[in-house]
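Just so it is clear, the structure is predicted and the values come from calculations on it, not from any experiment.
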Amino acid sequence: MFHTKVVNRRRGVAWFVEFYNSWCGHCMTFTPIWKRVALDFANWRDIVMIAAIDCSQKDNLPTCRSRNRTVYPLVRMYPPVDSKGSGVMEVRAETLETLKDQIMEHVVKYASASWPDLTALRQLDDIWKNKKPNHKHDLVIFEEDTSMLGTQVILDLRDVDNVNVRRMVKRDVDSLDIFMYPSLYRVSSDYTYVMVAMGSNNTAEDRLAFVRVATTLARHTPDTTQSPAGHAGQGPGGEGDSSLTLERHNASSVSMQDLESALHYCLRHEVAMNSAIDTTKFHSLQNFIKVLVKYFPGRQPVRGFLSRVSEMLAKLRSPNISGTDWTEKIDHLQDKDHFLPESTRWESCQGSFPQYRGYPCSMWMLYHTLTVQAYIQSAETHDIRADEVLLAVRDYMKDFFGCQECSRNFLWLTRSIKTKVVNHKAAVLWLWESHNSVNQRLHGDPSEDPKFPKIEFPSENMCPHCRVRTFPATGSTWSWDTTRVMEFLVKFYSPAISTNLLQTSAVIETVTQPEQDITLRQIKAHIVEILKQPDADIQPGMRTRRIQQPTKPAIIVNDSDLFYLYLEESKHFGHWMSDTHRLTQFDVIVWIVFYATSALVLILFGYCLISKGCRTWRKHY
């Protein structure tokens with residue numbers, strides 16, 4: 001589908017595609033920005049397509065691997081095939097306004113020959129070069145040098161056949177006595193021009209106003225053949241009947257299923273995502289596999305498979321292999337006694353919604369388990385380097401982990417390994433402290449599961465003695481008892497000591513419904529859950545964004561390996577909210593009881609006012 005829709009795109013269409021990982025925290029932060037872009041560009045859907053593809057899904061692996069990038073989010077432009085652009089270009093911006101500006105710059109620079117002329121006039125006479133016989137009105141937008149208002153208005157009016165719209169920037173209009181920017185002028189054939197609209201320097205409002213004036217002129221022309229396009233496009237919307245039931249397992253335990261799922265995803269997906277594994281990445285992968293062979297406490301078939309992988313890497317003559325070669329090689333190493341689970345399924349790391357927790361949670365669990373196992377083995381083997389596990393994890397995060405921001409932040413933390421990790425106990429505690437610092441930083445972040453907020457681990461309920469409370473002059477405070485914390489971590493992440501490590505007896509089964517196959521019912525339920533939260537638990541602007549723009553929520557519709565961003569029709573929103581807040585039987589009973597009680601009280605009060613006994617009682621008191 002990606003190859004058909006994007007690579008072999010039809011003439012006159014530009015594609016802007018976001019490549020992302022659904023579990024990546026930075027991608028989640030970027031998601032509302034990209035959805036807002038889709039809303040703002042919805043009116044140009046026939047010429048500018050805004051799309052996204054989830055690279056964490058197995059079916060999308062070949063597509064994402066061919067892009068030759070493994071860190072996300074990543075936005076790329078595929079210019080129209082009939083434009084001056086050649087090849088694919090990256091769009092680098094993280095804020096809404098800078099991203100929209102960059103997209104507009106690319107749209108202007110690589111405009112299709114079939115689009116209206118988006119270049120700025122150098123002199124007013126040039127407006128007649130594009131004039132066609134059906135043009136009854138010639139309009140010019142005068143704007144600041146860096147403004148994109150004119151481009152937006154021209155594209156908005158591209159289907160209005162009898163209006164010729166061009167733009168001109170301030171540096172070229174000094175001799176025309178134009179003093180208001182932005183402003184819309186009508187130009188006559190005798191070279192006179194008159195202002196028909198004046199802007200307010202609010203791009204969104206000026207855009208609407210200028211389009212409204214132009215379309216009004218078009219409607220008053222007898223031979224107008226095309227009504228103007230509005231700003232709020234409408235697209236397909238619907239509600240699926242199926243729903244994905246998410247069962248919550250015990251989060252206060254280490255699940256072998258989660259650990260093996262982490263191995264499946266990192267080896268079969270993240271490593272395989274690389275179009276080329278160069279020498280540096282090869283050595284990082286080799287060291288990570290060696291650490292897994294030594295310290296992964298899994299089932300014997302999985303550990304045997306890891307040993308085969310390590311031996312295979314050691315025998316390779318050339319360290320340069322492709323992601324496709326890697327997948328073929330590890331598949332050939334499998335048999336009934338040596339295998340890696342064929343899919344992922346989360347237990348302790350399962351979130352309240354598919355994009356939460358999952359893979360990042362399982363990798364943290366894996367890293368902690370490896371450091372604890374190295375600590376336990378160090379008591380018997382004294383030649384183990386204290387920083388062996390952490391350095392292998394660092395290199396894997398640097399070269400393979402699919403969230404660029406996560407990788408960058410983790411590498412920043414690892415700068416202190418050399419000074420702080422002096423023994424294996426220090427390695428266990430270093431990772432614990434680092435993980436807690438990440439939880440503190442991400443508390444309240446869009447990537448945080450609202451039902452399972454990020455807290456400092458272990459919680460007071462899990463380890464009551466890990467915190468020491470003191471009472472200085474400034475008031476009560478607490479600190480960690482690292483000795484107790486170390487005891488807890490060793491017990492929690494060690495299957496030899498604790499039964500917390502839940503074993504699976506067979507290869508992990510495939511989840512019945514893929515993560516990307518999320519129905520509108522689930523999305524709606526998720527948003528309702530967010531709206532129910534108090535303001536303190538919501539990111540600034542999150543709630544107001546939903547209140548201010550409730551009629552056109554952006555949704556994601558699955559189209560094979562490609563996700564299109566469409567707009568749901570406004571009529572669905574009323575049904576959405578009414579369906580979500582439907583009264584239950586208990587609500588009805590409470591309402592009836594309250595109504596009956598209130599009516600009885602009012603009747604008794606009225607009777608008291610008119611009855612003789614009540615008047616006697618009032619007089620007595």
Side-chain angles (χ1 to χ4, degrees), residues 16 30 32-45 47-48 50 91 93-108 116 118-121 137 139-160 163 165-174 176-187 193-219 228-234 539-554 565 567 570:
F16 290 87
F30 185 73
I33 297 175
W34 194 239
K35 286 185 177 181
R36 182 67 222 191
V37 169
L39 284 168
D40 290 347
F41 285 81
N43 186 47
W44 307 341
R45 192 179 302 144
I47 59 173
V48 178
I50 306 295
V91 180
E94 295 192 4
T95 64
L96 176 61
E97 293 306 318
T98 56
L99 183 60
K100 287 166 58 177
D101 288 345
Q102 283 203 26
I103 290 177
M104 288 304 305
E105 290 173 4
H106 282 71
V107 165
V108 174
L118 302 178
T119 59
L121 296 173
H137 304 281
L139 305 176
V140 177
I141 299 168
F142 296 102
E143 57 185 346
E144 298 288 347
D145 296 348
T146 59
S147 172
M148 286 293 173
L149 172 64
T151 302
Q152 295 174 348
V153 173
I154 292 171
L155 288 176
D156 287 338
L157 296 168
R158 68 193 178 280
D159 292 328
V160 183
V163 175
V165 187
R166 296 297 303 275
R167 66 188 187 95
M168 200 167 183
V169 296
K170 187 176 181 179
R171 64 173 177 266
D172 296 323
V173 299
D174 291 340
L176 298 179
D177 295 328
I178 304 297
F179 303 104
M180 302 301 299
Y181 299 93
S183 55
L184 178 66
Y185 278 72
R186 181 178 180 180
V187 183
Y193 45 92
V194 59
M195 185 168 65
V196 294
M198 181 175 63
S200 61
N201 287 317
N202 182 312
T203 302
E205 293 179 0
D206 296 342
R207 177 181 175 186
L208 287 170
F210 287 7
V211 170
R212 189 180 300 116
V213 169
T215 53
T216 300
L217 289 172
R219 281 196 300 268
H231 280 276
Q234 294 181 350
Q539 290 297 296
M542 182 181 293
R543 178 171 295 214
T544 56
R545 214 165 30 237
R546 286 174 171 79
I547 293 174
Q548 290 172 352
Q549 304 225 3
T551 57
K552 299 275 189 271
L565 297 181
L567 300 177
S570 59

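Atom NZ of K100 is separated from atom CD of E105 by 13.5 Å, given to the nearest 0.5 angstrom. To the nearest 0.5 Å, atom OG1 of residue T95 and atom CD of residue Q102 are 9.0 Å apart. Rounded to the nearest 0.5 angstrom, M198 CE and F210 CZ are separated by 9.0 Å. Taking CD of E97 as the start and OG1 of T203 as the end, the distance is 7.5 Å to the nearest 0.5 Å. How far OG1 of T215 is from CG of D159: 13.0 Å, rounded to the nearest 0.5 Å. Interatomic distance, OH of Y185 versus CG of L139, reported as 13.0 Å (0.5 Å rounding).
For T151, the side-chain hydrogen bond (donor to acceptor under 3.5 Å, both in side chains) partners two or more places apart in sequence, or in a different chain, are R167. Under the side-chain hydrogen bond (donor to acceptor under 3.5 Å, both in side chains) criterion, S200 pairs with D206, not counting sequence neighbours. Contacts of S183 classified as side-chain hydrogen bond (donor to acceptor under 3.5 Å, both in side chains), with partners at least two apart in sequence or in another chain: none. With sequence neighbours left out, F16 forms a ring-ring contact (aromatic ring centres under 6.0 Å, His included) with no residue at all. With sequence neighbours excluded, no residue forms a ring-ring contact (aromatic ring centres under 6.0 Å, His included) with Y181. A209 is linked by a side-chain contact (heavy atoms from CB on, under 4.5 Å) to R212, counting only residues two or more places apart in sequence or in another chain.
The heavy-atom pair separating M168 from L121 by the smallest distance is CG-O, 3.4 Å. Residues V163 and A214 approach most closely at CG2-O, 4.1 Å, considering heavy atoms.
A perpendicular orientation is assigned to the rings of W44 and F41, their planes being inclined by more than 60° (bins at 30° and 60°).
Inter-residue side-chain proximity for K170 and E143 is flagged as unmet; no heavy-atom pair is nearer than 4.5 Å. Counting only heavy atoms from C-beta outward, the side chains of L118 and L155 approach each other to under 4.5 Å. Between R207 and L149, some side-chain heavy-atom pair lies under the 4.5 Å cut-off.
No side-chain donor-acceptor contact under 3.5 Å links R45 to the backbone of I50.
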